[in-house]
Amino acid sequence: MKTRITELLGIQHPIIQGGMHFVGLAELAAAVSNAGGLGIITGLTQGTPEKLAKEITRCRAMTDKPFGVNITFLPSLTPPDYPGLFQVIIDGGVTVVETAGNNPAQWLPMLKEAGIKVIHKCTAVRHALKAQTIGCDAVSVDGFECGGHPGEDDVPNFILLPRAADELSIPFVASGGMADGRSLVAALALGAEGINMGTRFIATREAPVHDNVKQAIVAASELDTRLVMRPLRNTERVLNNPAVERLLKKEVALGANLKFEDIVEEVAGVYPTIMQGGNMDAGAWSCGMVAGLIHDIPTVRELIDSIMAEAEQIIHERLRGFC
Ligand SMILES: Cc1cc2nc3c(=O)[nH]c(=O)nc-3n(C[C@H](O)[C@H](O)[C@H](O)COP(=O)(O)O)c2cc1C
């Protein structure tokens, strides 16, 4: 299957693994790229330029295919060394960068000069248009159903994707709620050139996280996610658990007076304990509604092959049958 995204990124299948904190390590990125998609290392999980450079080297040792690095811009009192992180991406010969969280304009000249393709992840058509105007090569359009940060507009992909298609001239991938061949064909029908998946890739054999995380996703239904931090305008879709229920009670009790410090115990620094330690109730962790469509833990190659086979079967048999 050739699309503007496979051509732009030099990959076989139009399937991207989005950056995921403490999940997007070299093992998963390499597995996705080896299976013909685009794997992405999560830059901020490494934290420092030195550690990210090592992770890029590790990934390169596991795949000779293109892979990317995600750089997320977060509001922070002590921001990470962004110039240093971008420099090791360039020095490491990485060909794709996924940016998210804020406007990447100031970093585009150095990335463009190095020949790096930039995919900006956004949750609103106006942000996608901005990304196009400043020179991003593609966007990842993240609908309301997505795991992680869906923004504050709450527009689901059945509306957001065709709206993006109506406005954009650069290619875009559909992100949020994507799980299988049905998702891929639907995304293509709505105007996207491929899909970006987060939650689905966590429940794979190669995802370097504790088995409890994978089992929690398999056990969850589409009703089991919650939106937290809405009063802080930093909404995150997470899997429900006792820590999330505690957090939501604080949000109700404190209302407009809620401050980040009030919920620090439930959200700050919890990822290593959850993803590596398997302590599922240690805090709030991102998970998409798509958990309701995830019932197995295949290898990454099995997953990608099955998505492509199902998509082709739908296009050639089911859809052709309607003509
Ligand atoms: C556990 C987890 C951690 C994530 N961490 C990040 C991150 O650090 N940066 C980022 O840009 N997106 C992050 N995301 C969002 C994903 O890259 C992707 O956009 C999203 O998961 C797509 O929705 P889906 O989960 O329905 O596939 C994360 C998602 C999950 C599930």
Side-chain angles (χ1 to χ4, degrees), residues 15-25 28-29 32 37-47 52 68-74 76 80 85 96-102 104 118-123 127 131 139-151 156-157 160-161 172-180 183-184 187 192 194-204 207-210 212-214 216-217 220 222 224-228 234-239 241 267 270-276 280 282-294 303 307:
I15 300 175
I16 299 176
Q17 166 249 314
M20 286 181 281
H21 201 34
F22 280 90
V23 183
L25 306 182
L28 181 59
V32 174
L38 184 82
I40 293 186
I41 294 171
T42 313
L44 293 197
T45 301
Q46 301 306 320
L52 179 57
V69 174
N70 166 286
I71 296 290
T72 304
F73 305 110
L74 294 170
S76 164
L85 293 171
V96 185
V97 163
E98 178 194 52
T99 53
N102 213 333
V118 178
I119 309 173
H120 185 60
K121 188 158 56 191
C122 34
T123 58
H127 298 154
V139 284
S140 197
V141 175
D142 232 0
F144 181 51
E145 49 282 77
C146 74
H149 293 269
N157 267 333
L160 192 60
L161 297 174
F172 67 95
V173 293
S175 180
M178 304 293 138
D180 51 31
S183 322
L184 175 55
I195 56 175
N196 178 67
M197 302 195 298
T199 306
R200 175 63 271 197
F201 274 123
I202 305 178
T204 59
V209 298
H210 197 284
N212 289 355
V213 184
K214 306 180 189 187
I217 291 173
E222 65 277 19
D224 291 331
T225 70
R226 297 290 181 270
L227 295 175
V228 297
N234 185 28
T235 301
E236 183 181 358
R237 185 179 295 285
V238 298
L239 193 68
N241 65 24
V267 296
V270 297
Y271 268 73
T273 322
I274 294 165
M275 294 298 173
Q276 291 160 359
M280 299 318 297
W285 58 281
S286 296
C287 178
M289 288 176 143
V290 72
L293 298 177
I294 299 172
L303 174 64
I307 292 174

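A quick note: this is a predicted structure, and the numbers were derived from the prediction, not measured. Atoms considered below: every heavy atom in the structure, side chains included; atoms not considered: hydrogens, waters and symmetry mates. Order of appearance sets the numbers: ligands from 1, and atoms from 1 within every ligand.
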Element-labelled atoms of ligand 1 that are located less than 4.0 Å from some non-hydrogen atom of Ser175: 19 (O), 22 (C)

N or O pair under 3.5 Å between His21 and ligand 1: yes

Close N or O approach (Val290, ligand 1; < 3.5 Å): no

Proximity of Leu44 to ligand 1 by residue part, where a heavy atom lies under 4.0 Å: neither

Ser140 and Asp142 side chains, donor-acceptor separation under 3.5 Å: no

N or O contact, Gly147 vs ligand 1, cut-off under 3.5 Å: yes

Side chain Thr42, main chain Met20, donor-acceptor under 3.5 Å: yes

CD on Glu98 to OG on Ser175, rounded to 0.5 Å: 7.5 Å

Heteroatom proximity flag, Glu98 to ligand 1, N/O under 3.5 Å: no

Any donor-acceptor N/O pair, Asn157 side chain to Phe144 backbone, under 3.5 Å: no

Non-hydrogen side-chain atoms of Tyr271 and Thr45 separated by less than 4.5 Å: no

Heteroatom proximity flag, Tyr271 to ligand 1, N/O under 3.5 Å: no

Heavy-atom donor-acceptor pair, His127 side chain to Cys122 backbone, under 3.5 Å: no

Shortest non-hydrogen contact between His149 and Glu236, atoms and distance: CE1-CB, 3.8 Å

Chi angles and distances behind the side chain to side chain contact (heavy atoms under 4.5 Å, CB included) call for Met197, Ile307: CA-CA 12 Å; Met197 302 195 298; Ile307 292 174; 3.6 Å; yes

Check: Gly177 N/O within less than 3.5 Å of ligand 1 N/O: yes

Taking atom 9 (N) of ligand 1 as the reference point, the nearest protein heavy atom with its distance: Thr72 OG1, 2.9 Å

Proximity flag Lys121 to ligand 1, non-hydrogen atoms under 4.0 Å: yes

Side-chain donor/acceptor of Glu145 to backbone N/O of Gly177, under 3.5 Å: no

Where ligand 1 meets Met197 - atom numbers and elements under 4.0 angstrom, heavy-atom basis: 27 (O)

Met275 heavy atom under 4.0 Å from ligand 1: yes

Numbering as shown, the atoms of ligand 1 that approach Gly18 to under 4.0 Å (heavy-atom distance): 17 (O)

Polar side-chain atom of Thr199 near backbone of Gly288 as donor-acceptor pair, under 3.5 Å: yes

Under 4.0 Å to a heavy atom of Thr199 - the qualifying atoms of ligand 1, by number: 21 (O), 24 (P), 25 (O), 27 (O), 31 (C)

Atoms of ligand 1 close to Asn196 [distance to a heavy atom under 4.0 angstrom, numbered from 1]: 18 (C), 19 (O)

Approximate separation, where rounding is to 0.5 Å, of Phe201 CZ and Leu28 CG: 7.0 Å

Interfacing atoms of ligand 1 (cut-off 4.0 Å, heavy-atom, Thr42): 8 (O)

Heavy-atom nearest neighbour in the protein, as seen from atom 29 (C) of ligand 1, with distance rounded to 0.1 Å: Met20 CG, 3.6 Å

Val97, Leu52, Val69 screened by side chain to side chain contact (heavy atoms under 4.5 Å, CB included) with Leu85, the one that passes: Leu52

Identity of the nearest option to atom 1 (C) of ligand 1, non-hydrogen atoms only, from Ser286, Gly198, Ala100, Gly288: Ser286

Which of the ligand 1 atoms, numbered from 1, are nearer than 4.0 Å to a heavy atom of Gly19: 4 (C), 5 (N), 6 (C), 7 (C), 9 (N), 10 (C), 12 (N), 13 (C), 14 (N), 15 (C), 16 (C), 17 (O), 28 (C)

Close N or O approach (Asp142, ligand 1; < 3.5 Å): yes

